Novice: 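One structure, as structure tokens, below. Some questions next.
In this text, all values refer to a predicted model and were calculated from it rather than measured experimentally. Labels below follow one simple rule: chain letters A, B, ... track the order of the sequence lines, proteins then strands, and each chain is numbered from 1.
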Amino acid sequence: MKKIINHVDNVLDESLNGFAKAHQDIVALNQQPTFVRRLTASSTPKVALISGGGAGHEPLHTGLVGKGMLDSACPGQIFTSPTPDQMLAAAESVENGAGVLFIVKNYAGDVMNFEIAAEMLDCQHDTVLVKDDVSLPENHSTGRRGVAGTLIVEKIVGAAAEQGQDLSQCKALGDHVAKNTASMGFALSSCTVPAAGRPTFDISDNEIEMGVGIHGERGREPMTMASAEELVQHITAAIDKELNPQSGQQILLHVNGFGATPLMELYLVYDLAAKFWEDKGVEIKRSLVGNFTTSLDMAGCSVTLTLLDDEMIALWDAPVNTAALRWGC
Amino acid sequence: MKKIINHVDNVLDESLNGFAKAHQDIVALNQQPTFVRRLTASSTPKVALISGGGAGHEPLHTGLVGKGMLDSACPGQIFTSPTPDQMLAAAESVENGAGVLFIVKNYAGDVMNFEIAAEMLDCQHDTVLVKDDVSLPENHSTGRRGVAGTLIVEKIVGAAAEQGQDLSQCKALGDHVAKNTASMGFALSSCTVPAAGRPTFDISDNEIEMGVGIHGERGREPMTMASAEELVQHITAAIDKELNPQSGQQILLHVNGFGATPLMELYLVYDLAAKFWEDKGVEIKRSLVGNFTTSLDMAGCSVTLTLLDDEMIALWDAPVNTAALRWGC
Amino acid sequence: MTDTNILPHLIQAIQSEMLNNEEEISALDRAIGDGDHLTNLLRGLDAVAKLNNELIQLDWSAALMKIGMTLMSTMGGASGSLLGSMFVSMGKTAKDHQLDLAGVTAIYTAGVESIKARGKSDIGEKTMLDTLIPVMNTLQTAVLESQDRSSVLKNIKTAAIDGMLSTKEMLATKGRASFLGERARGHIDAGARTSQLILCVIADELGKN
Amino acid sequence: MTDTNILPHLIQAIQSEMLNNEEEISALDRAIGDGDHLTNLLRGLDAVAKLNNELIQLDWSAALMKIGMTLMSTMGGASGSLLGSMFVSMGKTAKDHQLDLAGVTAIYTAGVESIKARGKSDIGEKTMLDTLIPVMNTLQTAVLESQDRSSVLKNIKTAAIDGMLSTKEMLATKGRASFLGERARGHIDAGARTSQLILCVIADELGKN
Ligand SMILES: Nc1ncnc2c1ncn2[C@@H]1O[C@H](COP(=O)(O)OP(=O)(O)O)[C@@H](O)[C@H]1O
Ligand SMILES: Nc1ncnc2c1ncn2[C@@H]1O[C@H](COP(=O)(O)OP(=O)(O)O)[C@@H](O)[C@H]1O
Ligand SMILES: [Mg+2]
Ligand SMILES: [Mg+2]
Ligand SMILES: [Mg+2]
Ligand SMILES: [Mg+2]
């Protein structure tokens, strides 16, 4: 393992310190328990948006805390969901009268820990569960995983909350965005969790893992390495089958890197995915390309599609001021 | 070599197509010769800012084209400087009466090709040469290399040009920023140029390359892998020796990833670098952490420091709307 | 069973056992999970061990609750919420029970039931429950049959080991391994293995008294 | 020398020679450069080869200019600007010269001088000039001594090879290899090697006529 770190036990804390310092105009870091919250709360009551999950996916979620998006994010240890006390303290720190909405990626650890926090929370609250990974069948025993589509839910609901929509509206909108979002990805390499000190899995030079989550695990199936065209075709077809956008349908197209794949390749993937839907007459209204929902130093990428309507487009375009997404501010 | 590409000969074109499509609200792509230009030119005459260099450093420079920054960028082949005809066509396409300023990283290929273009250009023009890499002595036979500090020159001069400063003012400002900017970086791995099909150099598990440029080459010297603290200390000391910021001096601190190093590690590096200068009483006024001047899939990072004055801070804060840097718009 | 004085010793024995099997456990969670299970567990055990002085001042109910809250707020992950719930639930139940065989069985059963409820899971899904539930069944049988202490301890170990081994050929329907489909077959579940090691250590230690 | 009809044949011979030494050249630029020199050169040669039909219609001056412009606009990198400048300069000079030994020497000398000017470089800096300049000196001596054609061709090859080899033990003061300091020693410069291969192929081909 070769990483720019000191002791494996301190990676997360030291990194969070740097994050909070670099973005001290946007966020504040709380220690014991650990959470990152928006520096300046909204002056009028607004629904508090809280997310979280294992660390190692940066900039998700800490990098998405700020005006127009999350009010707070709870990072767990690397690839380990955070604990209920973090979520509870985060919620209590940012709630200001309009209730709390948890945005949770559908992973057993995240779901159960957020559930416990929610049961203990003493104010109006609800949860949006994101399960956008279409590499799994819809009736999978645990439900599908929540992956890169989470950012899109957070952005759109974040804008709605900022504009004063109430808890039930935000919850309904979040469910709506989640339902209209589908993702799938593949990995070219494993990643190395510092505490483990070695790659999570071995993979040969002519093999990829198709249908991966975001915790550096193996995917649904190994596949022989192929051209970008074939790899992207594989995932766009699965996403298309799920959401079945018709000619004229407005969409948001998000190509997400897992951490070690150069932007050059991500844009190449974007080009292929865009062509696929353009050929069907689908209208790509908004795009996002970059490393947003990562798995440490894993190579690979995912494609996410969200069906848009005019309201969602307006909310996507609304001002946002976070470490990783910023416009209109 | 495992990359998400089709044929090695088409990587750049396909990627640029995707880039231009994903950011069609900001840029337009010209083919034959290849350059990316700002979609909507300023209505009043302004100095046209043009940069360029080999591809493989994305988002630099194409991702920095837009309002408040570059008017045009010329990508060469991967790690190969672009050709004079690209620069000439780019200049002619965006020049609108106030002359052209070329911002060039000090590398033989870039310098000579931009020189030839400048000699052929039939309008008022000047060049700012960036040579911020303090891993080389100032009197190095070719001068120091231009690395991650280039982005800072482009941002600050971009804002000045947008505000109507004339060519000689922009040139003077560019030289001033360049002179007050120092960078140094180290690599944990080599990168793989698609056309080469294999890593540029071999490196063992307990070795790093200290003092690297941004073309995936070896650095000034190999070093035994060490803790983040020791590695960062090595480069902050060199930068500090060069610029020697005093207590109370305002600075911009930029931690740049080379492409395959997770944000988590970059923030950890930021934390260490920030502490180093804070301990000296230096005031970190602005920060930038992320993968901006990359070397494809190289692991490693660089630290850049710029001495700021109030005018530079205001220019840094001025609106910018590019694919990779966006605020105030 | 004795008073909570035994806890520091038990916790230490469990920590050693985890470290003795470090490589194997990590490899199990890397193979069909994400590789952090042992780290999570050690972090939790470490936090619990720091409370030793406090724990021995408490009665069993309060001590178990404290352990549960500590695991819950330090482990994270799926196992943190599950083991946390288990201990909190055992603590609550311990209030109304003697620590005889029937009492221990009732307390343990409440713990396992809370995992089933929180995890929406049951035996046969390739999780820690494949270790924990057979042990619960063994205890319940032991109560019905009024087995003697040494038989009970022996039977617990057998049930735990058989249960753990049974996960090997299962398809997973809960936890991360479920995402792998057929590829999860042939691997023992990490949580089943750590639960088994913990139960066996406890049985061994109690057998020494 | 004959007319520009010979160009397609020469270009093709150079392309083959580059491909025959593909592995070695790439390795040289990877070792102390950035690994793209051969790719750059092949891209330039390929573009020139596409112009074959056009080139044979032109006189030497125009053909060399055209080659220079083509290399300049297709190669990129340090070598693109340098070789481009060299050919443009040779084309300009060819206007005023016969293609006898003295003329060729004057033309070639103008080309080399333009590299020195553009590159701010000279012999002994571990670049292509360490091949090109000794050949220039050889030609100039040949003019002074009125050497016969086959001696000239032989001497060119010797000078090119010796010059190329001389880069091995040099410290680099120009180009990317300069950044490596002492570490560049022991490696032949990629540009010196390709220049030498090109000059030797041309000498061989001209020797066949
Ligand atoms: N729904 C569930 N019910 C019971 N046990 C579960 C469930 N989900 C996961 N587990 C157990 O948790 C273990 C994984 O724990 P751990 O690695 O610490 O957390 P994570 O899966 O979040 O990385 C699995 O090996 C399995 O035994
Ligand atoms: N200033 C210079 N003068 C003469 N030759 C140079 C100079 N700089 C570089 N070269 C030559 O160019 C070669 C490198 O070419 P190439 O790899 O195509 O470009 P780049 O260095 O931009 O990647 C070097 O091997 C060297 O021979
Ligand atoms: Mg985990
Ligand atoms: Mg190059
Ligand atoms: Mg795990
Ligand atoms: Mg090169």
Novice: With a 4.5 angstrom heavy-atom cut-off, could you sort out which part of B/Ala299 is near chain A: side chain, backbone, both or neither?
Specialist: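 Answer is neither: B/Ala299 stays 4.5 Å or more from chain A.
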Novice: With salt bridge (charged side-chain N to carboxylate O under 4.0 Å, His left out) as the test, would you mind laying out the steps for B/Lys2 and A/Asp205 before giving the verdict?
Specialist: CA-CA 7 Å; B/Lys2 220 178 192 178; A/Asp205 271 358; 5.3 Å; no
Novice: Does A/Asn6 reach the main-chain N or O of B/Ala228 with its side chain, forming a donor-acceptor pair under 3.5 Å?
Specialist: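 Yes; judged by distance alone, with no hydrogens or angles, the pair exists.
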Novice: Need one label for A/Pro319: side chain, backbone, both or neither, based on atoms under 4.5 Å from any heavy atom in chain B.
Specialist: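 Answer is neither: A/Pro319 stays 4.5 Å or more from chain B.
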Novice: Please flag which part of B/Ile78 lies under 4.5 Å from any non-hydrogen atom of chain A: side chain, backbone, both or neither.
Specialist: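 Answer is side chain: those atoms of B/Ile78 sit under 4.5 Å from chain A.
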Novice: Between A/Arg286, A/Glu278, A/Met298, which residue shows the highest count of heavy-atom pairs closer than 4.5 Å to chain B?
Specialist: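 The candidate making the most pairs under 4.5 Å is A/Glu278.
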Novice: Could you measure the distance from the OG atom of B/Ser287 to the NZ atom of A/Lys21? Nearest 0.5 Å is fine.
Specialist: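 Rounded to the nearest 0.5 Å, the OG-NZ separation comes out at 9.5 Å.
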Novice: Does any heavy atom of chain B fall under 4.5 Å from the side chain of A/Leu266, the backbone, both, or neither of them?
Specialist: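 Neither part; nothing is under 4.5 Å.
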Novice: Where does B/His23 contact chain A at under 4.5 Å (heavy atoms): side chain, backbone, both or neither?
Specialist: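 Side chain of B/His23 only, per the 4.5 Å heavy-atom cut-off to chain A.
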Novice: Does any heavy atom of chain B fall under 4.5 Å from the side chain of A/Leu272, the backbone, both, or neither of them?
Specialist: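 For A/Leu272, the contact with chain B is made by the side chain alone.
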Novice: Can you tell which part of A/Ala20 gets under 4.5 Å to a heavy atom of chain B, answering side chain, backbone, both or neither?
Specialist: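 No part of A/Ala20 comes within 4.5 Å of chain B.
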Novice: Heavy-atom cut-off 4.5 Å, strictly under: side chain, backbone, both or neither for A/Ile284 against chain B?
Specialist: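 Neither the backbone nor the side chain of A/Ile284 comes within 4.5 Å of chain B.
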Novice: Could you give me the CA-CA distance, side-chain angles and deciding distance for B/Glu14 and A/Tyr270, then say whether side-chain contact (heavy atoms from CB on, under 4.5 Å) is met?
Specialist: CA-CA 9 Å; B/Glu14 293 174 11; A/Tyr270 177 85; over 6 Å; no
Novice: For the pair A/Leu268 and B/Val11, evaluate side-chain contact (heavy atoms from CB on, under 4.5 Å) and give the outcome as yes or no after the intermediate values.
Specialist: CA-CA 7 Å; A/Leu268 191 152; B/Val11 177; 4.2 Å; yes
Novice: Tell me, side chain or backbone of B/Pro194 under 4.5 Å from chain A's heavy atoms, or both, or neither?
Specialist: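 For B/Pro194, no heavy atom lies under 4.5 Å from chain A.
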Novice: Quick one: pull up CD in B/Glu265 and CD in A/Glu58 and give me the separation to the nearest 0.5 Å.
Specialist: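 CD of A/Glu58 is found 10.5 Å from CD of B/Glu265.
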Novice: side-chain contact (heavy atoms from CB on, under 4.5 Å), that's the test. Do A/Ile4 and B/Cys301 meet it? Break it down for me.
Specialist: CA-CA 9 Å; A/Ile4 315 174; B/Cys301 70; 3.9 Å; yes
Novice: Rounded to the nearest 0.5 Å, what's the gap from CE on B/Met264 to OG1 on A/Thr294? Could you check?
Specialist: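 Here the rounded value is 8.0 Å.
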Novice: Which residue out of A/Leu231, A/Leu263, A/Asn206, A/Asn291 racks up the most heavy-atom pairs below 4.5 Å with chain B?
Specialist: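 Max contact count across the listed options: A/Leu263.
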Novice: For B/Val269, is it the side chain, the backbone, both, or neither that has a heavy atom closer than 4.5 Å to a heavy atom of chain A?
Specialist: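 Interface part for B/Val269: side chain.
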